[in-house]
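Side chains included, hydrogens not; waters and symmetry mates left out as well; all remaining heavy atoms used.
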Amino acid sequence: LAKTTQPISMDSYEGQEVNITCSHNNIATNDYITWYQQFPSQGPRFIIQGYKTKVTNEVASLFIPADRKSSTLSLPRVSLSDTAVYYCLVGEIGNTPLVFGKGTRLSVIA
Amino acid sequence: GAVVSQHPSRVICKSGTSVKIECRSLDFQATTMFWYRQFPKQSLMLMATSNEGSKATYEQGVEKDKFLINHASLTLSTLTVTSAHPEDSSFYICSAETGETQYFGPGTRLLVL
């Protein structure tokens with residue numbers, strides 16, 4: 001399973017765009033990149049998943065360069081309620097367990 | 001997205017007793033579910049992989065006789081913490097995969113007194 005590296009923490013003001021980058025230098029050909037959000041005392045919530053290039057949904061965008069050795073989660077116009085821990089995970093899909101790193105603790109300030 | 005539920009959401013028990021936690025996939029079938037444990041200020045740690053109709057696969061360091069897993073149907077997996085001790089107090093989270101994405105339950109807070 002590919003190991004991931006993310007910043008431990010980030011701060012942002014409300015209304016700003018937040019970009020969280022994740023490094024995964026040993027990503028395998030069959031690996032996908034998935035981001036989850038976790039609030040205290042709750043299970044992780046799926047945000048977005050991608051394999052290459054760019055993926056966008058109603059919540060976020062995921063940018064993946066051609067070499068796939070990193071990825072960037074982009075959260076547009078964050079609000080206080082986006083304060084949470086964000087996890088980047090890399091692995092095959094199809095009943096494969098996920099290995100969680102330390103995640104990035106995002107604090108949104110008014 | 002798909003919905004995974006857990007019951008109970010929190011439980012307090014006495015040391016030495018057993019506690020059962022249920023994990024259900026509400027709108028999809030899951031041949032495989034996963035159980036994680038999370039201590040305060042730490043990340044999720046995989047405990048075991050629960051396979052419908054077969055024995056669970058445990059991660060290194062997780063005692064299979066202490067953490068009993070039963071995956072009796074395509075929508076239900078249970079984790080039983082046997083002879084619980086205070087050090088078992090933690091946040092237990094399950095997940096199930098739709099075939100493309102893993103969805104997590106809301107978690108169960110266990111406190112062993």
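A/I47 and A/V78 fall within a single hydrophobic cluster, where Ile, Leu, Val, Met, Phe, Trp and Tyr side chains are chained together by heavy-atom contacts under 4.5 Å. In the hydrophobic clustering of ILVMFWY residues, with side-chain heavy atoms under 4.5 Å counting as a link, B/L76 and B/V81 come out apart. A continuous path of hydrophobic side-chain contacts links A/L106 to A/V59 [ILVMFWY only; heavy atoms under 4.5 Å].
Checked against the 6.0 Å centroid criterion, the rings of B/Y36 and A/Y87 do not qualify as a close aromatic pair.
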Inset, instruction - Could you walk me through whether A/Q38 and B/L44 pass side chain to side chain contact (heavy atoms under 4.5 Å, CB included), step by step? - result: CA-CA 10 Å; A/Q38 187 182 28; B/L44 283 77; 3.6 Å; yes
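Looking at A/Y32, there are no atoms closer than 4.5 Å to chain B (heavy atoms on both sides), in backbone or side chain. In this structure, the portion of B/Q42 lying under 4.5 Å from any heavy atom of chain A is its backbone and not its side chain.
For the atom pair CD1 (A/I93) and OG1 (B/T101), the distance works out to 7.0 Å, reported to the nearest 0.5 Å.
No side-chain donor-acceptor contact under 3.5 Å links B/Q38 to the backbone of A/G43.
A/P44 has its side chain within reach of B/I93: a pair of non-hydrogen atoms, C-beta onward, lies under 4.5 Å apart.
Annotation for B/E59: atom CD counts as buried by contact number, over 12 foreign heavy atoms lying within 6.0 Å. In B/M45, the CE atom is not crowded: 12 or fewer heavy atoms of neighbouring residues, nucleotides or ligands sit closer than 6.0 Å. Within a 6.0 Å sphere centred on NE2 of B/H7, other residues, nucleotides and ligands contribute 12 heavy atoms or fewer. Taking a 6.0 Å sphere around CZ of B/R109, one finds it holds more than 12 heavy atoms contributed by other residues, nucleotides or ligands.
Of the listed residues (B/C94, B/G107, B/P106), the greatest number of heavy-atom pairs within a distance under 4.5 Å of chain A belongs to B/P106. In terms of heavy-atom pairs under 4.5 Å with chain B, the best-connected choice from A/K102, A/R45, A/Q49 is A/Q49. Heavy-atom pairs under 4.5 Å with chain B peak, among A/G101, A/G103, A/P40, at A/G101.
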